[in-house]
Amino acid sequence: MERETLHGWNLTPTEAVALQRELRERVVLRVPEGWKVERVAGADISMSRGEPWASGGFVVLDAQTRAPVAQASAVTRLSFPYVPGLLSFRELPVLEEAWARLEVRPDLLIFDGQGTAHPRRLGLACHGGLLFGVPSIGCAKSLLVGKHGPLGEERGAVADILHQGEVVGRAVRTRSKVAPVYVSPGHLMDLPTAVEWVLRMTSRYREPETTRHAHRLVNEVRRAALADKARTWDE
DNA sequence: GCGACAG
DNA sequence: ATCTTGTCGC
């Protein structure tokens, strides 16, 4: 029988590391045959200072016009601490709930974090791609592992990210004279295609429009949830 | 043992 | 990630 879920989330950090070593074997670093992209989605989560809960969500954009066509969000308790290298175990539970509410399926997912540019080659984007079964890309604002040489200062300039002798991603300048973003494939994805899509979804700002929309959505949802909590407090 | 360390 | 106002620069 086919399993309904990839795995549960009730894990300790040690168990999570072991699970990553198993899941990495399932990651496919090439795009599906005949793959066409009509819709691209951005995913993100947001949390309040010391609160044990977070909002998470997706915004789906038309790949051609970059106009938002659908969105979904959720608010859940955070069940896993932030541990560098284990970010997906903190962020994916709430995203899984938001995904269940998303009525329009994207052909591509862009995550705010690493894909293969990860100590065990299983960053947030790889794990998320496996979980949702959709081609995915990791586009982070800073590096987790690896180094890269200098890159040109114009938009479109790139430099390979090397880790343990492997090219695990690319630093990509999405805006001239602005710090680069770090792109790496997630699942059902390859590096050149990942870079191509990040540049395609970027124009005026450093980060892809997908990420910016998702960021805005989850922040609004979190503030609404916070206001709701305050209302319950003094009533 | 000493740093580094996505969000 | 989040806490936060003004401010430097194209």
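Regarding F80(A), its CZ atom lies at a distance of 14 Å from the C1' atom of dG7(B), rounded to whole Å. What separates CZ of R222(A) from C1' of dC3(C) is a distance of 10 Å, to the nearest Å. Put simply, CZ on R120(A) is 12 Å from C1' on dC5(B), counting in whole angstrom units. Computed from coordinates, the L78(A) CG to dG7(B) C1' distance equals 11 Å when rounded to whole Å. Rounded to whole Å, the distance from CG on D112(A) to P on dT2(C) is 10 Å. Spacing between atom CG of L86(A) and atom C1' of dA6(B) amounts to 11 Å, rounded to whole angstrom units. At whole-Å resolution of the value, NE2 in H127(A) and C1' in dG7(B) are 16 Å apart. Rounded to an integer number of Å, the gap from CG of L122(A) to C1' of dG7(B) is 16 Å.
Cation-pi geometry between R212(A) and Y205(A) is met: the NZ or CZ atom falls under 6.0 Å from the ring centre, inside 45° of the normal.
Taking 4.0 angstrom as the limit, S48(A) places none of its side-chain polar atoms (N or O) nearer than this to OP1 or OP2 of dA1(C). An OP1 or OP2 oxygen of dA1(C) is reached within less than 4.0 angstrom by no side-chain nitrogen or oxygen of N219(A). Note on K177(A): every side-chain N or O is 4.0 Å or more away from OP1 and OP2 of dG9(C). Side-chain nitrogen and oxygen atoms of K141(A) include none within less than 4.0 Å of the OP1 or OP2 phosphate oxygen of dA6(B). Taking only side-chain nitrogens and oxygens, S142(A) never comes nearer than 4.0 Å to OP1 or OP2 of dC5(B).
Around atom CZ of R200(A), more than 12 heavy atoms belonging to other residues, nucleotides or ligands sit under 6.0 Å away.
A salt bridge is absent between R223(A) and E220(A): the closest approach of a Lys/Arg side-chain nitrogen to an acidic carboxylate oxygen does not fall below 4.0 angstrom. Under 4.0 Å is where a charged nitrogen must lie from a carboxylate oxygen, and between R30(A) and D190(A) no such pair does.
Residue ring and base: Y82(A) does not count as stacked with dA1(C) (centre distance below 5.5 Å and interplanar angle below 30° not both satisfied).
Counting any heavy atom pair closer than 4.0 Å across all strands shown, G138(A) reaches no nucleic acid atom. At the heavy-atom level, I45(A) lies nowhere under 4.0 Å from the strands shown.
When the nucleotides dG7(B), dT2(C), dC5(B) are ranked by their closest atom to the side chain of S46(A), dT2(C) comes out on top. When distances run from any side-chain atom of D44(A) to the nucleotides dA6(B), dT2(C), dG7(B), the shortest one goes to dG7(B). The side chain of R90(A) lies closest to dG7(B), out of dA6(B), dT2(C), dG7(B).
Between F132(A) and F58(A), the ring-plane angle classifies as perpendicular under the 30° and 60° cut-offs.
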